[in-house]
Amino acid sequence: MKIRVQKFGGTSVATLERRQRVVHHIQQAIEEGCGVVAVVSAMGRKGDPYATDTFLNWITENGQSLSPREQDLLLSCGEIISASTLSSLLNREGIPNTVLTGGQAGIITNDNYNNAQILTINPKRVQEELKQGKVVVLAGFQGQTVDGETTTLGRGGSDTTATALGVALNADVVDIFTDVEGVMTADPRIVEDAAPLESVTYTEICNLAFQGAKVIHPRAVELAMQTNVPIRVRSINRDHPGTLVSSTHEQHRVASEVNDRLITGITQMANVTQIKVPAGEGQYDLQLKVFKAMAENGISVDFININPSGVIYTVYDHVADQAETILRSMDLKPELLRGCAKVSLVGAGIAGVPGVMSEIAEALTREDIPVLQSADSHTTIWVLVPGEDMVKAVRSLHRKFDLHKAHLTS
Ligand code: ADP
Ligand code: MG
């Protein structure tokens, strides 16, 4: 039997009207002859009654902390409520189904509560239910330790549940349903004419996600990549298959499209601090000292640039004060620039293409946006800009590379 994993995010299950769309998509997969595993997130976003962030709010409002184990028990309820509610709608349509928690579905994690990693999946129970012709409605974002303790998987956890199940069940496709048409050339909340992409590679979407595009969690993509399970990112409101995410080599329907385009998408990350530490005369071990001190204090560093006159790197704004204190205690004289933003241009086609950086510089200069730092790899170019210029930078680069012209074929 062909198996289809479908993931429905928080907004997709938030209202009765959308949940009816969920039922529609499940029905379609059944009509295509698939056994269906429907992974659901908690209903809605912050402020909605049973959204994950609402539960977290209750705890903070109480001014009381909750131990990680108990917090996971609380958080896991959101997905169970959502899954059971969907089950009743499926019943109404006469679609046989079973609701399973992460633990019941055989998702075994370590005991890193609040951000647990999946160790193994024993899909026997899920396979049995599917064999009986039932839709498995699976509570996303959760698992169980070998000792039977409930755990949650951290941000983007339902994406991870879906692709992990996709791999374990050897699904034909993992569908990630959400509130946008697919993977877009930029965050549609920032760029009005951002366009949905026909296809992207695992590497491209991972890079976009790591650099701030939250459309799918990078950990989920990395899992799918292991066995080349194709992912489709698609809209709950449409029947269009959305954006196909796969490796270029074997699966790409439109491999030439992926290879021909220079820039696939642009993403951004705000609240970043740039730190410059000048080297003293003849001081050759500066980078070693600086990065060792950051590591020992659990401060993650990014955008590293080392040259004879010193080291430059970035940290998140919220640890900037801590980093500064550490550096000063080492008798160094750091210069900090808070509130910067990292803008990333991602594309499998940028490797070695001359002139891309000059086009970026041209677009930003025209808007009087200073480039504080830049770096590149074979798939990504990063530029650091002042935070207040972030939106303007993303928009002007989007225009410069004509990204609004990317589109889904209907
Ligand atoms: P879900 O609740 O379905 O998991 P998310 O909010 O996690 O939904 O992800 C979807 C959101 O991701 C979209 O509403 C969009 O604003 C945002 N997003 C950011 N960058 C992109 C991008 N490049 N393509 C598509 N969506 C993006
Ligand atoms: Mg999400």
Side-chain angles (χ1 to χ4, degrees), residues 5-15 18-19 21-22 25 38-48 50-54 78-79 82 86 139-141 152-163 174-201 203-221 231-238 240 242-245 261 263-270 341-347 380 390-391 394-395 397-398 401 403-404 406-408:
V5 178
Q6 302 183 312
K7 179 251 167 177
F8 300 97
T11 46
S12 302
V13 288
T15 63
R18 302 234 184 91
R19 290 194 288 274
R21 290 294 301 167
V22 170
H25 287 293
V39 177
V40 294
S41 298
M43 297 194 269
R45 297 254 164 89
K46 197 177 195 147
D48 290 326
Y50 301 109
T52 305
D53 282 324
T54 305
E79 275 69 18
S82 178
L86 177 60
F141 173 68
T152 66
L153 308 180
R155 289 280 152 195
S158 295
D159 294 338
T160 307
T161 303
T163 56
V174 175
D175 278 336
I176 304 288
F177 284 93
T178 185
D179 61 348
V180 285
E181 281 181 79
V183 179
M184 319 271 287
T185 51
D187 187 340
R189 290 178 218 197
I190 288 202
V191 180
E192 208 175 79
D193 57 358
L197 292 152
E198 186 81 24
S199 64
V200 297
T201 65
T203 316
E204 286 174 325
I205 185 89
C206 262
N207 284 328
L208 283 170
F210 271 124
Q211 303 304 333
K214 62 171 255 191
V215 63
I216 184 171
H217 200 278
R219 193 164 49 156
V221 180
I231 300 172
R232 294 186 301 198
V233 177
R234 49 191 297 197
S235 163
I236 186 79
N237 297 315
R238 294 185 57 185
H240 194 283
T243 307
L244 177 70
V245 185
R261 79 183 166 221
I263 305 290
T264 301
I266 302 179
T267 182
Q268 71 290 326
M269 205 187 271
K342 192 179 173 193
V343 174
S344 311
L345 297 91
V346 173
T380 310
M390 177 182 83
V391 171
V394 173
R395 288 179 183 159
L397 291 167
H398 196 267
F401 289 97
L403 295 188
H404 60 282
H407 59 88
L408 291 176

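One-based numbering, in listed order, for ligands and for the atoms of each. In what follows, every heavy atom counts, from backbone to side chain, and hydrogens, waters and symmetry copies are set aside.
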Q.
Measuring only between side-chain heavy atoms, which start at C-beta, is Q268 closer than 4.5 Å to S344?
A. no
For residues D187 and K214, determine if any side-chain heavy atom of one lies less than 4.5 Å from a side-chain heavy atom of the other. no
Rounded to the nearest 0.5 angstrom, the CZ-OG1 distance for F401 and T185 is 13.0 Å
- Query: Hey, are D53 and R45 close enough for a salt bridge, meaning a charged N less than 4.0 Å from a carboxylate O?
  - Reply: no
Legend entry - Pair R261 + E204, salt bridge at N-O below 4.0 Å: yes
Ignoring hydrogens and angles, write down the donor-acceptor pairs under 3.5 Å from the side chains of residues 176-184, residues two or more places apart or on other chains.
from	atom 1	to	atom 2	distance (Å)
E181	OE1	R238	NH1	2.3

Contact set, ligand 1, heavy-atom distance under 4.0 Å, ordered by chain/number, equals K7, G9, G10, T11, R45, F177, T178, D179, V180, G182, V183, M184, A186, D187, P188, R189, A213, K214, V215
